[in-house]
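Okay, structure first, notes after.
Within every chain, numbering begins at 1; the chains are lettered A, B, ... in the order of the sequence lines, protein sequences first and strands thereafter.
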Amino acid sequence: MPQKSLDEFCSLFGGGNKKINERAPSESQEEVGEEEIEESMEEQQIIAREDLAPRDLPPSYLVSVGYDGSRASAYVKLYEPVSQRIYVWHDNTGHKPYLFTNIPPEELQRLERVVNHPSFDHFEVNEKYDALYDRNIKVTKVVARDPLAIGGRPKGCLRDIIPEDYPLIFGNNNEVKVWEAAIKYYQCYIYDRGLLPGMLYKIESGELIPYMHEESEKAVKQVIENLIHVKSEPSDLSPYMEFWARLLEYPAPKMRRVSLDIEVYSPVATRVPDPEEASQPVICTSLVSSDGRKRVLLLKREGIEEGDMSSLGDASIEFYESEKDLLQSIFNVLNDYPFIITFNGDDFDLNYLYHRAKNLGFSRSEVPIEKGQKICSLKYSVHIDLYRFFLNRSIQIYAFAQKYRNVTLDEVAEALIGRSKLELSKPVSEVSYAELAKYCLNDAEITFALTSFDDDLVMKLLMVLTRISRMPMEDVSRQGVSRWIRSFMQYEHRRRNMLIPNDEDIIEARGTTATKAIIKGKKYMGAIVVKPMPGVHFNVAVMDFQSLYPSIIKVYNLGYQTVRCVHEECRDNLVPGTPHWICKKHRALESALIGSLRDLRVGWYKPKAKDKSLLSEQRNWYSVIQSALKVILNASYGVFGAEVFDLYCPPAAEATSAIGRNIITQTINKARELGIEVIYGDTDSLFLKNPNREQIRSLVEWAEKTLGMELEADKIYRYTVLSSRKKNYLGVFEDGGVDVKGLTGKKRHIPPFIKRYFDAIEDRLSRVKTPAEFEVAKKDIERIIRECYMKLKNREWEDINDLAFEVVLGKVPEAYDKTTPQHVKAALILQAKGIEIKAGDTIKFVKITREPFVKPVQLAASKEIDVDKYIGYLRTTFDQVLDALNLEFDEIIGLTRLEQFM
DNA sequence: GCGGACTGCTTACCT
DNA sequence: ACAGGTAAGCAGTCCGCG
């Protein structure tokens with residue numbers, strides 16, 4: 001982007017560079033109703049004076065879109081990267097909320113509750129493409145003045161009134177349909193205006209227009225040329241690839257931000273004050289910003305010791321006589337910074353400040369916090385609650401490789417940046433100013449560091465996901481992957497003038513599944529797992545299909561539109577193993593979007609992220625992109641089969657896995673035909689024993705030609721250890737690295753005592769180079785196991801914690817009504833001792849000899865331990881490896897066969 | 001009344 | 001609130017046992 005100085009920018013603004021926070025927002029229009037169901041920013045209002053949005057704004061990033069109730073219009077938040085401020089632009093196109101219905105206007109006219117609705121505006125007739133039945137239909141657009149009139153309100157909104165009242169006048173024989181009434185207004189605004197959150201816009205003479213970034217446009221061209229030339233993609237996907245590439249190639253700004261953490265006085269040391277009541281004072285607040293400032297705001301209180309302030313380093317310490325002044329200082333910061341980072345700020349910090357401010361007599365306009373049902377947003381900035389972001393399962397698993405388990409500031413920080421929370425010597429309300437300040441500052445520091453590590457990885461990831469999903473940053477950071485996918489698919493519907501079907505329309509038109517799942521209670525059959533060939537196998541190539549399911553969705557043209565389509569002539573295009581057929585006439589929207597995204601990741605971003613010839617900064621950006629794509633693609637098949645997904649289409653999900661089974665089966669057969677031994681496989685992978693180059697080449701070529709699928713050698717193991725169990729193996733790489741999959745010895749809940757010995761075996765195995773060396777290694781492994789056994793048998797453990805199982809409580813203890821598993825028993829014992837137990841807590845327990853045979857580790861004594869139970873556990877854990885090595889646990893520990901039976 | 005065979009529940013994992 | 005498949009341990013149930 002052309003670099004301009006701040007001064008130049010200021011001159012563009014005519015009226016000078018007034019700070020947004022200096023403007024007093026007006027009173028808001030109405031309270032958020034308690035019954036409000038949709039968590040929505042529609043309820044929250046940006047109130048600002050007319051001159052808030054400049055007539056002209058240099059290129060800025062669109063970071064958020066919302067609805068302003070007082071103006072009854074949409075607004076857009078733009079982050080201007082040079083002044084590093086957010087500017088709010090209000091819609092000037094008169095765009096209004098609406099829904100579609102199949103009832104013609106002349107009939108709707110007779111529904112009094114519709115036409116007399118206080119927010120009713122007018123009817124229009126539109127033609128839309130109905131993809132389920134491959135036809136154009138006429139629909140009535142019912143336009144309203146207030147989004148809540150469409151949906152959202154539990155009673156009296158148009159979405160409900162139309163189907164309720166229509167039969168009263170016209171009888172029951174006509175099926176009344178209402179479409180697109182559950183889409184949040186600001187999303188609707190994004191779709192209709194074709195806005196791209198995360199991308200560059202400028203304001204010229206009051207108009208919001210996209211900003212073309214020349215350099216990035218060149219990069220987009222390059223991506224497309226490369227991919228089309230190299231791979232000769234089906235040409236109908238090229239426009240999609242170009243669209244995605246533009247979203248991904250545009251630069252990301254440095255995001256000026258501040259992290260916030262508050263501490264609250266508590267009269268009861270073990271209780272955190274309720275933020276809804278906010279009855280206690282805020283005694284400390286820390287602010288750590290991207291411009292290197294660290295501030296600690298402390299409330300003066302009677303009888304609190306000063307403590308040693310010298311340990312607070314470069315932070316500025318500010319004492320406040322009045323809590324109101326302290327809050328005002330916080331609010332000034334919230335108004336100043338464009339991005340506010342918290343850890344659990346939705347539930348606690350901002351929520352507390354919001355209510356506390358009310359209690360202290362702040363007027364609504366003086367408080368920059370807007371409270372929704374579950375989220376706290378900010379009037380002039382973007383609030384990112386990292387707790388919500390890190391809680392996202394897809395982010396946890398695919399972006400951060402399950403490095404953290406429990407989503408607490410302490411655990412996430414420990415896992416990702418190697419920092420932890422500080423311990424307090426006394427309850428927060430009693431410690432010295434210095435200790436309180438240090439503790440609070442540390443939290444704000446690590447909260448900030450969670451957004452800055454790896455060159456601002458998290459902020460960049462959010463930016464990329466914002467672009468892909470076409471959602472406001474606030475939403476993308478809080479919602480799950482199915483919402484992201486829904487959003488960009490809805491966008492595409494509107495772009496193509498397609499009617500967005502209701503979920504029941506899809507089920508009605510496409511029916512349900514036909515195969516039987518192996519697991520009870522599941523809806524359809526999933527993937528194939530090949531029975532492993534037990535033993536030690538040297539020189540194993542693991543081949544896999546790159547993004548198998550997304551590839552299937554692309555190549556086989558899967559989507560709600562194409563699976564079991566309405567055309568007679570497509571019925572012969574059957575999915576093997578199912579009664580379903582696939583459309584031969586049209587490309588499904590999902591197939592186009594997912595397919596193009598897959599090709600971009602596989603063909604461009606993944607290789608670029610590893611390309612050593614690039615600058616590390618560039619490579620880093622590509623790696624952010626490819627991991628964001630990974631998160632989306634990994635979920636793209638699952639959403640078809642998820643009832644919560646708006647385009648839920650069970651036969652499409654079923655077709656995907658059925659084709660997957662067919663592909664892997666064919667590939668196994670082909671491999672065997674080529675004389676390769678297939679020793680294991682799971683879903684999209686094949687373990688090939690000692691294949692030669694030529695065999696691999698033939699197989700890859702065959703897959704490409706016959707299946708249209710990219711098969712690649714994912715990794716080569718020097719050797720693998722397979723037991724007879726599926727999803728259980730160990731592989732040693734040429735460089736001695738070890739992959740351990742599914743083995744009990746690696747599971748997180750097992751006692752550290754056992755884990756350590758398992759690790760020792762793993763380490764020993766990593767040093768085995770040849771089959772001959774195995775014999776020596778086996779002896780060592782026997783020794784390791786014997787030592788473990790003897791230590792247990794002789795009760796020689798140093799710390800009882802080493803013997804603790806750590807199992808996560810899936811729900812509150814009372815909710816286990818079918819059975820009482822051991823960890824729940826332990827949890828109940830803790831609860832009886834007055835210790836608070838929540839769902840998601842990790843329970844540490846040991847096995848003991850007497851009823852009830854388990855005890856929370858903190859209550860157990862060493863002598864109670866049931867050693868035989870542990871030895872039994874040892875046996876099953878090590879058997880998973882010993883099986884393959886032809887060793888017997890009982891022989892190793894010195895039991896003869898005879899003794900085993902006595 | 002007890003033990004074995006069985007099913008179901010629960011957690012942790014794999015793709 | 002993405003999917004299904006697998007392993008393992010334990011809780012609970014049923015049934016046979018002169």
Sequence-distant partners of [X], ring-ring contact (aromatic ring centres under 6.0 Å, His included), two or more places apart:
{"X": "A/Y719", "result": "A/F538, A/F774"}
{"X": "A/Y757", "result": "A/F753"}
{"X": "A/F687", "result": "A/Y680, A/Y729"}
{"X": "A/Y717", "result": "A/F733"}

Any residue of residues 660-671 of chain A with a heavy atom less than 4.0 Å from an atom of DNA chain C
none
Kindly determine whether A/S685 and A/D714 satisfy side chain to side chain donor-acceptor pair (under 3.5 Å), including the steps that lead there.
CA-CA 9 Å; A/S685 69; A/D714 183 35; over 6 Å; no
Which part of the nucleic acid does A/K825 contact within heavy-atom distance under 4.0 Å: base, sugar-phosphate only, or nothing?
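The answer is sugar-phosphate, as A/K825 gets under 4.0 Å only of primed atoms, P, OP1 or OP2.
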Would you indicate what A/V808 reaches in the nucleic acid, counting non-hydrogen atoms under 4.0 angstrom: base, sugar-phosphate, or nothing?
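Contact class for A/V808: sugar-phosphate only.
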Base contacts versus sugar-phosphate-only contacts with protein, heavy atoms under 4.0 Å: please encode nucleotides 1-8 of chain C as B, S and - from 5' to 3'.
BBSBBBSS
State yes or no: are the ring centers of A/F845 and A/F853 separated by less than 6.0 Å?
no
Can you give me every donor-acceptor pair (side chain of residues 520-531 of chain A, partner residue at least two apart or in another chain, under 3.5 Å) with its distance?
residue: A/K523; atom: NZ; partner: A/G641; partner atom: O; Å: 2.7
residue: A/Y524; atom: OH; partner: A/Y637; partner atom: OH; Å: 3.0

Is the phosphate of C/dC10 approached by A/K847 (side-chain N or O, under 4.0 Å from OP1 or OP2)?
yes
For A/K844, give me all partners under side chain to side chain contact (heavy atoms under 4.5 Å, CB included), at least two apart in sequence or on another chain.
A/N801, A/A804, A/E806, A/V857
5'-most to 3'-most nt of DNA chain B touching chain A (<4.0 Å, heavy-atom partner on protein side) reads B/dG8 to B/dT15
Would you please name every residue forming a side-chain hydrogen bond (donor to acceptor under 3.5 Å, both in side chains) with A/Q858, sequence neighbours left out?
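In terms of side-chain hydrogen bond (donor to acceptor under 3.5 Å, both in side chains), with neighbours along the sequence ignored, A/Q858 is linked to no residue.
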Tell me: [atom1] of [X] to [atom2] of [N], nearest whole Å?
{"X": "A/F845", "N": "C/dG9", "atom1": "CZ", "atom2": "P", "result": "12 Å"}
{"X": "A/Q822", "N": "C/dA11", "atom1": "CD", "atom2": "C1'", "result": "10 Å"}
{"X": "A/E851", "N": "C/dA11", "atom1": "CD", "atom2": "P", "result": "10 Å"}

Salt bridge (charged side-chain N to carboxylate O under 4.0 Å, His left out) involving A/E677 - partner list, sequence neighbours excluded:
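Result, salt bridge (charged side-chain N to carboxylate O under 4.0 Å, His left out) vs A/E677: none returned.
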Using salt bridge (charged side-chain N to carboxylate O under 4.0 Å, His left out) as the criterion, list what pairs up with A/D346, not counting sequence neighbours.
A/R388, A/R478
Whichever of A/V740 and A/G810 has its nearest DNA chain B nucleotide further upstream toward 5'
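Between the two, 5'-proximity favours A/G810.
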